[in-house]
Amino acid sequence: MSIIPISVLTIVKSRQEALRNLVLGLDNAESYPAELIIVNMNEPASELVSDNFPIRSVRFDDAERLPLAAARNFAAKQAAHPVMIFLDVDCIPSPDLVEKYFNACQAGAHLWIGPVRYLRQGATAENGFLSKMWELSTPDPVRADLREVNHALFWSLNFACSQETYERIGGFDTRFTGYGAEDTDFGFAARKQGVELSVADAVAFHQYHPSYNPPLNHFEDILINARTFFNKWQIWPMEGWLRKFENAGLIKWEDDEITILRRPTETEVNQALKSG
């Protein structure tokens, strides 16, 4: 089994079972990465090990409860190899993901994203699930066809680039804290720096977890990050969620201003989870 000179990076907060499955996916790969770096946000470093590749787990403490942007930048600084794959902790790589991304990054100094398929509830509890993830999953509902990809559709769930390209983009903007908009901002920054967004056939399988639709559990973060994004780019991100907030009577949204009318009740948050 070959070792590819590439660093796989993931950031984690209270997702230990998902993290173990990510490692299982890399152990099941056709080619192994030279290292896996795990950045644990405001919690003890993971003690996971692999017989097939080195795992380096580090703790990253920050005043923010969920410092996604800062943690990704920290992870990038830990990488020992010039090509980096960023995988969301909920993602299990397909067997050829590492090799596909390495080949893509050799072909061009682009920002590369790969397709994400969503595993159904209970999929990872099935015997031999790693060998049948395709059958146990469905395409992303928004980005099923990546032929029409544009920078506004960049996602951090499953992407790769060289360290040089990451630095050219400027990394993730740490003014975005908590949940929302940091991905779209990274995509916009790449476009501004003339970095092409391209698609590699490097599939990742997203593990099921309950979700909120709309994400009322991140109501405050989304509004703060939306304002930060608007001030930077003069366009509103996350329009679908903001429109749902408006329709629920939570905000007043007019042109360049959003005003909170009221915050969601606990009942409304719970209802959003049921419908997510």
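Because the structure is predicted, anything quoted here is derived from the model rather than measured.
Here the CG atom belonging to Asp88 is positioned 11.0 Å from the CH2 atom belonging to Trp155, to the nearest 0.5 angstrom. To the nearest 0.5 Å, atom CG of residue Asn52 and atom OG of residue Ser31 are 11.5 Å apart. Between the CD atom of Glu182 and the CG atom of Asn225 there is a distance of 7.0 Å, given to the nearest 0.5 Å. Separation of atoms CD (Glu43) and CG (Asp61) is listed at 10.0 Å; rounding is to 0.5 Å. Of the inter-residue distances, the one linking Ile251 atom CD1 with Ile260 atom CD1 reads 8.5 Å to the nearest 0.5 angstrom. We find the CZ-CZ distance between Arg262 and Phe219 to be 8.5 Å, quoted to the nearest 0.5 Å.
The cluster map of Ile, Leu, Val, Met, Phe, Trp and Tyr, joined by side-chain heavy atoms under 4.5 Å apart, puts Leu197 and Trp233 in different clusters. Cluster annotation: Ile224 is not connected to Val269 through the hydrophobic network of ILVMFWY side chains, with a link wherever side-chain heavy atoms come within less than 4.5 Å. No single ILVMFWY cluster, assembled from side-chain heavy atoms under 4.5 Å apart, contains both Trp134 and Val199. Under the 4.5 Å side-chain heavy-atom criterion for ILVMFWY residues, a single connected hydrophobic cluster contains both Ile3 and Ile85. Follow the hydrophobic side-chain contacts under 4.5 Å out from Phe229 and you never reach Leu68; the two are in separate clusters.
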Assess the residue pair Thr228 and Phe176 against the criterion (side chain to side chain contact (heavy atoms under 4.5 Å, CB included)); give the C-alpha distance rounded to whole Å, side-chain angles, the decisive distance to 0.1 Å, and a yes or no.
CA-CA 7 Å; Thr228 300; Phe176 294 91; 3.9 Å; yes
Test Leu153 against Asn150 for side chain to side chain contact (heavy atoms under 4.5 Å, CB included), laying out the working first.
CA-CA 6 Å; Leu153 289 178; Asn150 63 71; 3.9 Å; yes
For Glu220 and Arg263: C-alpha separation, side-chain torsions, deciding distance, then whether side chain to side chain contact (heavy atoms under 4.5 Å, CB included) applies.
CA-CA 9 Å; Glu220 303 276 358; Arg263 285 164 175 77; 2.4 Å; yes
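Residue-environment remark: CD (Gln106) exceeds the threshold of 12 foreign heavy atoms within 6.0 Å. For Glu164, the CD atom sits in a loose shell: 12 or fewer heavy atoms of surrounding residues, nucleotides or ligands are nearer than 6.0 Å. Within 6.0 Å of CD on Glu17 lie no more than 12 heavy atoms contributed by other residues, nucleotides or ligands. Atom NZ of Lys132 is surrounded by more than 12 heavy atoms from other residues, nucleotides or ligands within 6.0 Å. Counted within 6.0 Å of CD on Glu135, heavy atoms from surrounding residues, nucleotides or ligands total more than 12; the atom is thus considered enclosed.
The aromatic rings of Phe154 and Phe186 sit tilted, their planes meeting at an angle between 30° and 60°. Using cut-offs of 30° and 60° for the angle between ring planes, the Trp241 and Tyr179 rings count as parallel. Using cut-offs of 30° and 60° for the angle between ring planes, the His110 and Trp112 rings count as parallel.
Among Asn21, Thr124, Asp90, the one residue that satisfies the side chain to side chain donor-acceptor pair (under 3.5 Å) test with Gln207 is Asn21. Checked options Leu97, Leu9, Leu36, Ile11; the residue passing with Leu87 is Leu97 (criterion: side-chain contact (heavy atoms from CB on, under 4.5 Å)).
Nearest heavy-atom pair, Cys91 versus Ala204, reported as atom, atom and distance to 0.1 Å: CB-CB, 4.0 Å. Here the closest heavy-atom approach between residue Ala34 and residue His81 is recorded as CB-NE2, 3.2 Å. Contact detail for Gly187 and His151: the closest heavy-atom pair is O-CD2, 3.3 Å. Taking each heavy atom of Ser50 and Asp27 in turn, the nearest pair found is OG-OD1, 2.5 Å. The two residues Gln163 and Ala79 make their nearest non-hydrogen contact at NE2-O, 3.1 Å. Annotation for Thr165 and Ala109: closest pair OG1-O, 3.7 Å, computed over non-hydrogen atoms.
For the pair Arg20/Leu48, a side-chain contact is recorded, criterion being any heavy-atom separation below 4.5 Å from C-beta on. Contact annotation: the side chain of Leu242 approaches that of Ile222 to within less than 4.5 Å [non-hydrogen atoms, C-beta and beyond]. Residues Pro237 and Phe188 fail the side-chain proximity criterion, which asks for heavy atoms closer than 4.5 Å. For the pair Ile92 and Leu119, the minimum side-chain heavy-atom distance is below 4.5 Å. Between Met133 and Val203 the shortest side-chain heavy-atom distance does not fall below 4.5 Å. In this structure, the side chains of Val98 and Tyr32 stay at 4.5 Å or more apart for every pair of heavy atoms. Put simply, the side chain of Phe245 reaches to within 4.5 Å of the side chain of Pro214, judged on heavy atoms. A 4.5 Å side-chain heavy-atom check between Arg227 and Trp236 finds at least one atom pair inside the cut-off.
Under a 3.5 Å cut-off, the side chain of Gln234 and the backbone N or O of Phe230 do form a donor-acceptor pair. A distance-only check finds a donor-acceptor pair linking the side chain of Arg117 to the backbone of Ser137 [under 3.5 Å]. Gln78 places a side-chain N or O within 3.5 Å of a backbone atom of Phe74 that can act as its donor or acceptor partner. In terms of modelled atom types and a separation under 3.5 Å, the side chain of Asn158 and the main chain of Gly114 share a donor-acceptor contact.
At a cut-off of 3.5 Å, with distance as the only test, a side-chain donor of Tyr166 or Asn73 sits close to an acceptor on the other residue. Judged by distance alone, the side chains of Asn40 and Ser46 never bring a donor and an acceptor atom under 3.5 Å apart.
Sorted by first and then second residue, the pairs that involve residues 228-252 and meet salt bridge (Lys or Arg N to Asp or Glu O under 4.0 Å), not counting sequence neighbours, are Asp173-Lys232, Asp185-Lys232, Arg243-Glu246, Lys252-Glu254.
Taking the ring centroids of Phe205 and Phe129, they lie at or beyond the 6.0 Å cut-off.
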